[in-house]
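Take a look at the structure set out below.
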Number of protein chains: 2
Amino acid sequence: MKKDTKSRLIDEAEILFSRNGFYGTSINDVAKKLGVSKQALLHHFTTKEKLYAAVLEEAANYLLQQLDSIKQSHNKAKKQLSEFILEISQPNDKQLRVIILLLRELLDNQERADKVSKWFLGPWLDALVGIVEQAQRDGHYEQYDPMAFLYHLLGAVQYFLISQPTLKQLYGEEAFESQKKAHMALLVNIVEHT
Amino acid sequence: MKKDTKSRLIDEAEILFSRNGFYGTSINDVAKKLGVSKQALLHHFTTKEKLYAAVLEEAANYLLQQLDSIKQSHNKAKKQLSEFILEISQPNDKQLRVIILLLRELLDNQERADKVSKWFLGPWLDALVGIVEQAQRDGHYEQYDPMAFLYHLLGAVQYFLISQPTLKQLYGEEAFESQKKAHMALLVNIVEHT
DNA sequence: AAACGAACTTACCGAACGGTAAGCAGATTC
DNA sequence: GAATCTGCTTACCGTTCGGTAAGTTCGTTT
């Protein structure tokens with residue numbers, strides 16, 4: 001049941017790319033962490049860009065799969081949305097890494113705007129918008145544009161997530177905990193009682 | 001009235017750091033863009049980190065100054081907040097660069113959490129929270145925690161801002177324009193009619 | 001048992017990286 | 001007018017970067 005080197009390289013690259021960004025990560029570092037040579041990595045991916053693309057593809061699959069599992073566990077679109085917001089608000093390590101990767105992509109994509117991000121974000125966003133639209137058909141959030149509503153939620157959640165280390169350091173652990181509570185309360189208020 | 005080399009280096013570094021991040025920017029590139037040697041840059045800043053710190057300091061000053069100018073133009077806290085949200089929602093080039101720098105800092109700061117970001121974000125956040133608290137004393141937004149409410153707005157605005165190139169490319173120019181309208185409408189709705 | 005392809009290894013490579021050392025022109029100070 | 005300081009320059013350095021070339025090892029196929 002041991003993972004093969006290729007997928008272990010992707011996992012390790014995901015950690016380092018999310019932590020240090022594309023330019024801040026060297027393929028040598030990735031390979032060394034697994035105890036293999038840099039050329040073993042290049043044997044599987046030929047270039048650094050292709051390794052990065054593999055990481056993004058993996059991240060996209062993760063996001064879509066997560067959404068799919070939520071869809072299967074809950075029938076009502078509104079419940080699906082609130083469950084989704086709840087999950088990404090309290091992410092595990094992997095989820096947090098994927099969110100950071102996503103944000104880095106948005107930043108780096110600022111003028112590049114290449115094709116990689118297209119499939120990385122597109123299907124996931126579309127699926128989410130689909131949920132909001134279904135919820136609207138069920139009679140919720142009707143005063144809002146679906147995409148704007150969704151983006152608003154995503155922005156608020158993800159921005160707070162990546163700010164957490166800074167906020168902790170800025171205001172201390174216990175002050176931060178009450179901030180987090182207030183943040184979650186505001187989120188729940190929007191999703192549940194709008 | 002010509003700017004000296006040092007501040008021109010900061011300006012150019014701000015452009016490149018915001019576009020490509022810390023690791024994606026070389027001090028050679030920065031110097032070359034101004035037609036001076038790399039050692040001219042090192043003469044003024046001694047290390048790349050110090051150049052980066054100078055850029056962050058400049059960015060922090062810009063944010064605080066922007067806020068100050070809004071405070072002086074409007075008396076009521078609620079009006080100050082709505083004006084602020086409006087301004088950063090439609091940023092000029094410099095504002096956009098500063099916002100991107102800020103987001104990059106949050107991402108890179110994820111585990112580093114060093115002192116640099118402390119002064120970079122701290123006073124600005126405190127000033128903004130102060131405005132929200134004043135608005136609450138005037139009878140607005142009373143159902144929310146000030147920090148959570150502010151962070152919610154900041155997140156929604158900034159996340160949408162950095163997504164613009166990707167959204168344009170994903171859905172086309174005219175679809176994006178209507179998304180933007182819906183996004184602005186939602187924002188105005190929150191700030192004005194809560 | 002010969003051939004083969006996948007999964008690596010060691011040995012390199014040129015370019016770019018951040019940074020040091022030394023010098024030099026020109027304005028300022030003593 | 002000699003010395004000094006500022007703002008640069010060219011020359012150079014060791015390290016690391018992504019990537020190439022050429023094996024080697026080993027299980028599988030023929």
Is a salt bridge present between [X] and [Y], judged by a nitrogen-to-oxygen distance below 4.0 Å?
| X | Y | answer |
| --- | --- | --- |
| B:K38 | B:D29 | no |
| A:R19 | A:E14 | no |
| B:E58 | B:K94 | yes |

Using whole Å, what does the distance between atom [atom2] of nucleotide [N] and atom [atom1] of [X] come to?
| X | N | atom1 | atom2 | value |
| --- | --- | --- | --- | --- |
| A:K6 | C:dA6 | NZ | C1' | 12 Å |
| B:L51 | C:dG19 | CG | C1' | 14 Å |
| B:K32 | D:dT9 | NZ | C1' | 16 Å |

Original post:
Taking the side chain as C-beta and beyond, is there a heavy-atom pair between B:F176 and B:Y171 under 4.5 Å?
Top reply: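 Side chain of B:F176 against side chain of B:Y171, heavy atoms only: no contact under 4.5 Å found.
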Original post:
With side chains defined as the heavy atoms from C-beta onward, is the minimum distance between B:Q136 and B:P146 less than 4.5 Å?
Top reply: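 B:Q136 vs B:P146: side chains touch.
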Indicate whether OP1 or OP2 belonging to [N] is found under 4.0 Å from a side-chain N or O atom of [X].
| X | N | result |
| --- | --- | --- |
| B:H44 | D:dC8 | yes |
| B:S37 | D:dT9 | yes |
| A:H43 | C:dT9 | no |

Atom pairs under 3.5 Å, N or O on each side, protein against nucleotides 23-26 of chain C: can you list them with distances?
none

Original post:
Are there more than 12 heavy atoms of other residues, nucleotides or ligands under 6.0 Å from atom CG of A:N75?
Top reply: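 Incorrect, the count does not exceed 12.
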Subject >> Sub-6.0 Å ring centroid separation between A:Y159 and B:Y159 >> reply: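 When the ring centroids of A:Y159 and B:Y159 are compared, they turn out to be at least 6.0 Å apart.
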Subject >> Summary of side-chain hydrogen bond (donor to acceptor under 3.5 Å, both in side chains) pairs that have at least one residue in residues 138-156 of chain B, sequence neighbours excluded >> reply: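 Qualifying pairs: A:H152-B:H152, A:S163-B:Y151, B:Q134-B:D138.
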Original post:
Once each nucleotide of nucleotides 14-23 of chain D is scored for protein heavy atoms under 4.0 Å, what B/S/- sequence comes out, 5' to 3'?
Top reply: ---SBBBB--
